[in-house]
Amino acid sequence: MRLATWNVNSLNVRLPQMLDWLAANPVDVLVLQETKLTDDKFPAAEIEAAGYQVQWFGQKTYNGVALLSRSAATDIIKNLPGFDDPQARVIAGTVAGVRCIGAYFPNGQAPDSDKFTYKMAWLDALQRFLSAELQTHEKLVLMGDFNIAPTDADVYDPVAWAGQIHCTPQERGHFQAMLEGGLVDAFRLFEQAPKSWSWWDYRNLAFRKNQGLRIDHILVNSALKNQVKSCVIDKLPRKNERPSDHAPVVIELA
DNA sequence: ATGTCTCACAAAGTGAGA
């Protein structure tokens, strides 16, 4: 079973690229972030024509998530239960016995901003949701754009980024708490090339200079850990014309 | 380099968000 996450930065713009990528990488599950579409505009027919079932949860202009799967997803949850949120950031479903949670974590803007306060509250709510989900599902995968670079090894210039958004002790503390709660960073189960990033700023020729961050992640629970065969970042779509600023992350389970 | 991309407004450039 292969699963993937991709922040497409507008599904309206990136739909052809996403369909091309799926044709070349026929994963069993794909979660999307930043679809930036209201639900009535979601391109369900095109996705179904490509052989996928799909659940979606969006809003106007910003955010928006989706869950594509070869077989039907059940027990769908949209956003974090008990956390009243106008922003569409979470979609969860069970596919072939695996609980799949796709999430677009808040960016947070800057550590002294209101958006950071919101990010912290959202992360608290996510931790509560994860605790409950881990109790009720034997196999669980959390994947998405975390907007957290968990360690300095996930940052092209850790000195410049020290204490900056995506790298604050508070954000990293939340990531660590997920690991202590029984999840594993699948990417780090394997030897990886140094300077492996999942996001590069559109500005400053960042991709050409490989100046990026690893902020897109796939975490698995302990029951799945031994089934993880590989976890890779697919940089190819970042080389496309009109690319997303994020690359897909793909995991293979035995 | 405040360096780009995306969306929306009542636009024909500008601001917000990332």
Side-chain angles (χ1 to χ4, degrees), chain A residues 5-21 31-43 46-47 56-66 79 85-91 102-123 126 143-150 154-168 170-172 174-175 197-217 233-249:
Chain A
T5 176
W6 194 6
N7 180 326
V8 290
N9 184 20
S10 169
L11 188 55
N12 192 40
V13 173
R14 232 68 66 189
L15 179 63
Q17 277 189 46
M18 190 205 70
L19 294 173
D20 286 350
W21 188 83
V31 290
L32 304 177
Q33 301 88 41
E34 289 206 84
T35 54
K36 299 188 177 181
L37 290 169
T38 51
D39 288 344
D40 58 304
K41 300 264 176 46
F42 192 87
E46 290 90 335
I47 290 169
W56 61 95
F57 178 46
Q59 65 181 97
K60 192 174 177 180
T61 313
Y62 302 120
N63 308 313
V65 286
N79 263 2
D85 192 353
Q87 304 187 29
R89 295 189 173 276
V90 178
I91 190 156
Y104 176 46
F105 290 42
N107 176 287
Q109 194 176 57
D112 61 352
S113 68
D114 290 347
K115 293 190 179 69
F116 190 82
T117 306
Y118 164 73
K119 184 174 194 172
M120 290 298 115
W122 188 93
L123 283 165
L126 175 69
M143 48 191 165
D145 175 358
F146 283 49
N147 273 312
I148 300 173
D154 303 305
V155 182
Y156 73 95
D157 186 346
V159 174
W161 280 79
Q164 300 299 307
I165 197 63
H166 311 312
C167 303
T168 65
Q170 296 98 311
E171 293 164 281
R172 287 178 170 179
H174 269 288
F175 193 91
W197 323 125
S198 68
W199 170 85
W200 302 258
D201 200 302
Y202 282 123
R203 297 168 288 188
N204 311 332
L205 305 174
F207 184 70
R208 255 209 293 182
K209 295 189 281 192
N210 197 31
Q211 297 180 338
L213 307 176
R214 191 176 70 95
I215 55 177
D216 300 86
H217 306 295
I233 298 169
D234 182 4
K235 283 175 72 167
L236 269 178
R238 190 63 174 79
K239 301 177 182 175
N240 286 346
E241 299 265 326
R242 275 190 105 181
S244 168
D245 43 352
H246 295 256
V249 185

Taking the same atom, P, in dA10(B) and in dC5(B), what whole-Å distance lies between them? 26 Å

Once you round it to whole Å, what is the distance between P of dA18(B) and CG of Leu213(A)? 15 Å

Sugar-phosphate, base or nothing in reach of Asn204(A), heavy atoms under 4.0 Å: base

Mind telling me whether Trp21(A) and Trp6(A) have parallel, tilted or perpendicular rings, with 30° and 60° as the class edges? tilted

Below 4.0 Å: OP1/OP2 of dT6(B) and any side-chain N or O of Ser10(A): no

If you find the nucleotide of DNA chain B closest to Val13(A) and the one closest to Asn63(A), which residue's nucleotide is nearer the 5' end? Val13(A)

Between P on dT6(B) and CG on Asn107(A), what's the gap in Å once rounded to a whole number? 17 Å

Please report the distance separating the C1' of dA11(B) from the corresponding atom of dA16(B), rounded so that it comes out in whole Å. 15 Å

Short side-chain N/O contact to dT6(B) OP1/OP2 from Lys60(A), under 4.0 Å: no

Please confirm whether the shortest side-chain N or O distance from Lys115(A) to OP1 or OP2 of dG17(B) is below 4.0 Å. yes

Can you classify the ring geometry of His246(A) versus Trp199(A) as parallel (below 30°), tilted (30 to 60°) or perpendicular (above 60°)? tilted

What is the nucleic acid contact for Phe207(A), judged by heavy atoms within less than 4.0 Å: base, sugar-phosphate only, or nothing? nothing

Can you say whether the rings of Phe105(A) and Phe146(A) are parallel (under 30°), tilted (30 to 60°) or perpendicular (over 60°)? parallel

Between Asp145(A) and Arg242(A), whichever has its closest DNA chain B nucleotide further toward 5' is Arg242(A)

dT4(B), dA16(B), dT6(B): which one has an atom nearest the side-chain heavy atoms of Tyr62(A)? dA16(B)

How many whole angstroms separate atom NZ of Lys41(A) from atom P of dC7(B)? 11 Å

Ser198(A) pairs by side-chain hydrogen bond (donor to acceptor under 3.5 Å, both in side chains) with which of Thr5(A), Asp216(A), Asn7(A)? Asp216(A)

Distance check, P atoms only: dA1(B) and dG13(B), in whole angstrom units. 29 Å

Could you check whether Thr38(A) and Asp40(A), counting side-chain N and O atoms only, form a donor-acceptor pair closer than 3.5 Å? yes

The nucleotide from dT4(B), dC7(B), dA18(B) with an atom nearest the side chain of Tyr104(A) is dA18(B)

Between P on dG17(B) and CG on Asn7(A), what's the gap in Å once rounded to a whole number? 17 Å

Let me know the distance between CD of Gln17(A) and C1' of dT6(B), rounded to the nearest Å. 14 Å

What is the separation between atom CD on Glu34(A) and atom P on dC5(B), rounded to the nearest whole Å? 15 Å

What's the CZ-P distance between Arg208(A) and dT4(B), to the nearest Å? 12 Å

Taken to the nearest whole Å, NZ/Lys209(A) to P/dG3(B) is 13 Å

Closest of dC5(B), dC7(B), dA18(B) to the Arg203(A) side chain is dA18(B)

Between Asp145(A) and Gln33(A), does any side-chain donor sit less than 3.5 Å from a side-chain acceptor? no

